[in-house]
Number of protein chains: 2
Amino acid sequence: MTDLDPEASLHGRLRASILGLDLAPGQRLSERGLEPELGASRTPIRAALMRLESEGLVRRDGRGWLVAPIDLDEIAQIAEFRELVETGAVRLALPRARREDLLALADLADSADETGTPEHSLHTGTSFHLELAHLAENAELFAALQGILTRLFRTRWLEVQSTESRERVRREHSAIAAALLAGDADAAERALLEHLRGTHDRLALALGSRRREFAARGIPIDGAGLASR
Amino acid sequence: MTDLDPEASLHGRLRASILGLDLAPGQRLSERGLEPELGASRTPIRAALMRLESEGLVRRDGRGWLVAPIDLDEIAQIAEFRELVETGAVRLALPRARREDLLALADLADSADETGTPEHSLHTGTSFHLELAHLAENAELFAALQGILTRLFRTRWLEVQSTESRERVRREHSAIAAALLAGDADAAERALLEHLRGTHDRLALALGSRRREFAARGIPIDGAGLASR
DNA sequence: CCTCGCGGTCTGGTATACCAGTATGGTATT
DNA sequence: AATACCATACTGGTATACCAGACCGCGAGG
């Protein structure tokens, strides 16, 4: 998100490896071990790790680093915080956004074609939420949502695996945009919450029940995961 | 906040220098220039700067580093985002907090003695808001507020300069705690918003009008600062 | 056979030397 | 006197060598 070409910087490459699950959640990383793979020396690798740490994608583990584990309890907390941030975005955006901005947002929501790839759907969905936050014209809120979406990225791909869920997301995004266009803040907030909660509940359910399957693929999933509210 | 003794780590020392305005906002920093003052080599200094960058206390300026300037527009945005976060904290904390936790919070609010030092009042106030956020039992929300308060720290000291404002803050904190104890979420949210908005408006007014005075002390203040909402 | 201890090999942390790009100031030339 | 150019002294970026502490395994002794 910072670099146009993810291959450009060490940080971008490591980030892509983590978000793409090429580096398994919970896996330990060593600065020297990454040297040959990244073709760089420890100094820039350390810088990249520190930056990824501040993004929540990597953690310090006593002596050593580890790819941020996927923890259902943590995801539930992030999702809860996200509700706060995004409903705030809706309330702030409505009086501030120009009609043409809202129309563009609606176009963006509709542009998520269910025939597209999961990656495309994920990207469009991310853009929709970020664009909505952008309309709130508050840089802090925008940055907060950006961080949230980054940290949820590795699990969000699950929700766009089936064409049905992609279509459902598209429909819910459109409903949010439509309520905003109608100037109905309450309806927009309701539609948003329905979207976020439904998405999160399905996600938590899928992650929790398929824990063994993921573990077999080298992706441990921590936390209790009784995540519905 | 990270280290018990701010003098312990390079990061803590630099942080204290910035928050204490020993390093003027907007001042350029060079890694090598900090070496003699901090008695360390570039590597750990760079690490500290990168960490401070992620906290928003330091910025990159092309080639080079900059102590984060004080910008009224930015402060207004942070304050707006803070309203979102803290009202969310109130709504989440109320059903989750035990009565004894709320009593402790009320004690904390009342413990801000107007005869104390400004530093003590500032510290108590910080603790009050953080403790309130803690009761929401959401680590993301807590971390967000922690970052917000850090970034507002350099200007928040203004609001505790006079004994009247210290007393006002104490009273408003007590009112928030009382509403929480009464289980009245709406009243608590109203009291909180009144507190935050009043504080911010007085702050923006003071900062805006005394811009020249601060400039004479080497503290430039950017932004338009028509900050009331 | 079990246990205690020591040594090798990891880890990140630090200091430092070198690189390349840039901004600046002084000087020489017109 | 003004301007253009070049030398120099910065900047952060990188690679690397060395340090101290921790962990693990192996071997010796009980």
Side-chain angles (χ1 to χ4, degrees), chain A residues 1-18 22-69 71 218 220 222, chain B residues 1-18 22-69 71 218 220 222:
Chain A
M1 263 175 244
T2 302
D3 306 292
L4 280 74
D5 180 5
E7 302 294 319
S9 64
L10 271 192
H11 167 248
R13 280 199 285 161
L14 257 180
R15 180 194 169 93
S17 295
I18 294 172
D22 298 323
L23 293 173
Q27 180 177 149
R28 297 204 60 196
L29 299 175
S30 92
E31 299 174 358
R32 286 180 171 95
L34 289 170
E35 276 189 43
E37 181 175 351
L38 296 175
S41 72
R42 283 181 65 205
T43 314
I45 288 177
R46 279 203 95 193
L49 286 171
M50 287 193 278
R51 203 160 150 197
L52 290 168
E53 182 190 21
S54 76
E55 298 179 66
L57 297 181
V58 140
R59 299 215 185 125
R60 304 195 107 101
D61 169 43
R63 73 201 149 282
W65 301 87
L66 75 92
V67 178
D71 183 311
D222 307 332
Chain B
M1 257 170 255
T2 302
D3 304 290
L4 280 73
D5 180 5
E7 303 295 320
S9 64
L10 270 193
H11 168 248
R13 282 200 282 162
L14 255 180
R15 180 196 171 92
S17 294
I18 293 172
D22 298 325
L23 293 172
Q27 180 178 149
R28 295 204 63 196
L29 298 176
S30 91
E31 299 174 358
R32 285 180 172 96
L34 290 170
E35 277 190 43
E37 181 174 351
L38 296 174
S41 72
R42 282 181 66 205
T43 314
I45 288 176
R46 277 203 93 190
L49 286 170
M50 287 192 280
R51 203 161 152 198
L52 290 168
E53 182 190 20
S54 75
E55 299 179 66
L57 297 181
V58 140
R59 299 213 185 129
R60 303 195 109 100
D61 169 42
R63 70 202 147 278
W65 300 89
L66 206 59
V67 177
D71 183 311
D222 307 332

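Chain letters run A, B, ... following the sequence lines, proteins first, then strands; residues in each count from 1. Quick caveat, the model's predicted, so the values are computed rather than measured.
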With a 3.5 Å cut-off and heavy atoms only, can you find an N or O donor on one side and an acceptor on the other between the side chain of A:R63 and the base of D:dG21? no
Value in whole Å for how far the [atom2] atom of [N] lies from [atom1] of [X]:
| X | N | atom1 | atom2 | result |
| --- | --- | --- | --- | --- |
| A:H11 | D:dT14 | NE2 | C1' | 18 Å |
| A:R60 | D:dA22 | CZ | C1' | 17 Å |
| B:E35 | D:dT11 | CD | C1' | 13 Å |
| B:R28 | D:dT11 | CZ | C1' | 8 Å |
| B:E31 | C:dT14 | CD | C1' | 14 Å |
| A:D61 | C:dT11 | CG | P | 13 Å |
| B:L10 | C:dA15 | CG | C1' | 13 Å |
| A:L34 | D:dA15 | CG | C1' | 16 Å |

If you round to the nearest 0.5 Å, how far is CG of B:L14 from CD1 of B:I45? 7.5 Å
Could you state the interatomic distance from CZ (A:R60) to CE (A:M50), rounded to the nearest 0.5 Å? 7.0 Å
Counting heavy atoms from C-beta on, name the nucleotide in C:dA15, C:dT16, D:dT16 closest to the side chain of B:A40. C:dA15
What is the nucleic acid contact for B:L29, judged by heavy atoms within less than 4.0 Å: base, sugar-phosphate only, or nothing? sugar-phosphate
Please work out if A:R42 contacts a base, only the sugar-phosphate, or nothing of the nucleic acid, heavy-atom cut-off 4.0 Å. base
Under 4.0 Å between a side-chain N or O of A:S41 and OP1 or OP2 of D:dT16? no
Specify the closest pair of heavy atoms between [X] and [Y], including all atoms of both residues, with the distance to one decimal.
| X | Y | value |
| --- | --- | --- |
| A:P69 | A:P25 | CA-CB, 4.0 Å |
| A:L38 | A:R13 | O-NH2, 2.9 Å |
| B:D22 | B:A16 | OD2-O, 4.5 Å |

Closest-nucleotide ordering on DNA chain D, the 5'-leading residue of B:R32 and B:T43: B:R32
